[in-house]
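Before any comments, here is the structure.
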Amino acid sequence: DTGVSQDPRHKITKRGQNVTFRCDPISEHNRLYWYRQTLGQGPEFLTYFQNEAQLEKSRLLSDRFSAERPKGSFSTLEIQRTEQGDSAMYLCASSSEVGTGELFFGEGSRLTVL
Amino acid sequence: AQSVTQLGSHVSVSEGALVLLRCNYSSSVPPYLFWYVQYPNQGLQLLLKYTTGATLVKGINGFEAEFKKSETSFHLTKPSAHMSDAAEYFCAVRTQGGKLIFGQGTELSVKP
């Protein structure tokens with residue numbers, strides 16, 4: 001298994017544009033998480049899925065953010081009408097429902113909003 | 001609610017010196033605790049974890065951490081620092097729902 005993969009690794013966009021990030025989790029993991037990380041800070045939880053169900057969303061996730069996991073496999077995170085404050089690293093992680101709950105992270109998608 | 005506090009946003013040590021990175025947690029239930037490392041422009045990699053049982057846990061790259069319930073601490077140590085240990089380190093606690101809550105991170109610098 002190749003681990004968690006994220007695409008694109010880097011995205012530069014202009015304010016007001018929409019962007020979409022994709023995450024492919026480890027194949028046998030049924031939980032998938034999105035985090036946001038800004039410079040010098042720890043990852044902040046955004047949302048998570050168990051299979052295709054979105055079970056929790058952070059208050060950080062404004063109406064401009066939407067996440068989906070339509071078939072319980074890959075997930076997308078879309079940001080509409082991007083703002084400069086959205087510039088961050090967006091991290092995806094997956095885990096198994098059973099076990100000790102450690103999260104396996106992808107390498108992240110870095111967003112720069114000009 | 002669970003939370004994590006990492007004391008010291010930057011720690012600098014000399015190569016060969018002891019590394020000590022501090023983490024205190026708050027949890028209303030017996031905690032599952034984790035340390036992750038992050039190299040520049042990369043994701044997070046698990047160093048070690050505490051779930052139940054032995055309170056001294058060993059991880060990769062010579063790191064270890066000790067769970068002290070009375071002090072609500074889970075400090076990370078390594079007897080002898082190596083240049084390759086320079087990175088950002090994050091302590092995390094697992095919530096009942098399964099997500100991890102991370103601390104602010106500690107940047108470790110290693111001087112030759």
Side-chain angles (χ1 to χ4, degrees), chain A residues 2-10 21 23 25-26 29-51 53-61 88-112, chain B residues 1-11 21 23-25 27 29-54 57 59-60 65 67 87-109:
Chain A
T2 57
V4 178
S5 62
Q6 293 188 242
D7 184 70
R9 292 290 313 281
H10 303 276
F21 300 112
C23 173
I26 293 172
H29 287 174
N30 62 348
R31 288 189 170 183
L32 186 149
Y33 302 80
W34 286 100
Y35 283 81
R36 180 171 67 189
Q37 185 180 25
T38 52
L39 197 62
Q41 301 295 314
E44 296 175 299
F45 170 78
L46 293 178
T47 188
Y48 94 93
F49 295 83
Q50 182 162 304
N51 300 313
Q54 189 172 20
L55 296 188
E56 187 176 348
K57 287 169 39 173
S58 165
R59 285 172 290 179
L60 293 175
L61 213 63
M89 176 79 89
Y90 291 85
L91 295 166
C92 177
S94 68
S95 74
S96 172
E97 183 179 355
V98 298
T100 55
E102 66 193 75
L103 270 57
F104 294 81
F105 282 85
E107 296 199 340
S109 293
R110 181 168 295 285
L111 173 65
T112 301
Chain B
Q2 286 92 346
S3 66
V4 170
T5 301
Q6 291 184 239
L7 301 176
S9 57
H10 292 90
V11 170
L21 305 183
C23 172
N24 288 89
Y25 70 91
S27 178
V29 297
Y32 283 11
L33 296 161
F34 304 82
W35 275 100
Y36 282 83
V37 61
Q38 185 178 35
Y39 297 98
N41 296 312
Q42 294 188 22
L44 280 69
Q45 178 184 6
L46 181 69
L47 274 178
L48 49 79
K49 61 187 178 187
Y50 168 79
T51 54
T52 59
V57 293
I60 62 172
F67 170 64
E88 189 92 22
Y89 292 80
F90 294 97
C91 181
V93 63
R94 182 174 184 251
T95 69
Q96 286 184 285
K99 69 177 184 277
L100 299 188
I101 303 297
F102 288 87
Q104 297 279 72
T106 299
E107 182 181 1
L108 175 66
S109 301

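Predicted, not measured: the structure shown is a model, and the values here were computed from it. Below, read A as the first sequence line, B as the second, and so on, with proteins coming before strands; counting in each chain starts at 1.
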Subject >> Under 4.5 Å from a heavy atom of chain A, the part of B:Lys99 involved >> reply: both

Original post:
Contact part of B:Gln38 toward chain A, heavy-atom cut-off under 4.5 Å: side chain, backbone, both or neither?
Top reply: side chain

**OP:** Search all heavy atoms of B:Gly43 against all heavy atoms of A:Leu91 and return the closest pair with its distance.
**Re:** CA-CD2, 4.2 Å

Subject >> Segment of A:Gln37 engaging chain B (4.5 angstrom heavy-atom cut-off) >> reply: side chain

Original post:
So with a 6.0 Å cut-off around CG of A:Leu39, is the heavy-atom count from everything else above 12?
Top reply: no

Subject >> Gap between atom CD of A:Glu102 and atom OH of B:Tyr36 - 0.5 Å precision >> reply: 6.0 Å

**OP:** Give, as side chain, backbone, both or neither, the part of A:Leu103 having an atom under 4.5 angstrom from any heavy atom of chain B.
**Re:** both

Subject >> Engaged part of A:Glu56 at the chain B interface, taking heavy atoms whose separation is under 4.5 Å >> reply: side chain

Original post:
CG/B:Leu46 to CZ/A:Phe104 distance, rounded to the nearest 0.5 angstrom?
Top reply: 7.0 Å

**OP:** Report yes or no: does A:Tyr48 contribute a side-chain atom to a donor-acceptor pair with the main-chain N or O of B:Gly98 at less than 3.5 Å?
**Re:** no

**OP:** Output the distance between atom CD1 (B:Ile101) and atom CD (A:Glu44), rounded to the nearest 0.5 Å.
**Re:** 10.0 Å

**OP:** Specify which of A:Gln50, A:Gln41, A:Arg110, A:Met89 makes the most heavy-atom pairs with chain B at under 4.5 Å.
**Re:** A:Gln41

Original post:
Taking B:Gln45, B:Glu107, B:Glu88, B:Arg94 one by one, which has the highest count of heavy-atom pairs under 4.5 Å against chain A?
Top reply: B:Arg94

Original post:
What part of B:Leu100 lies closer than 4.5 angstrom to a heavy atom of chain A: side chain, backbone, both or neither?
Top reply: both

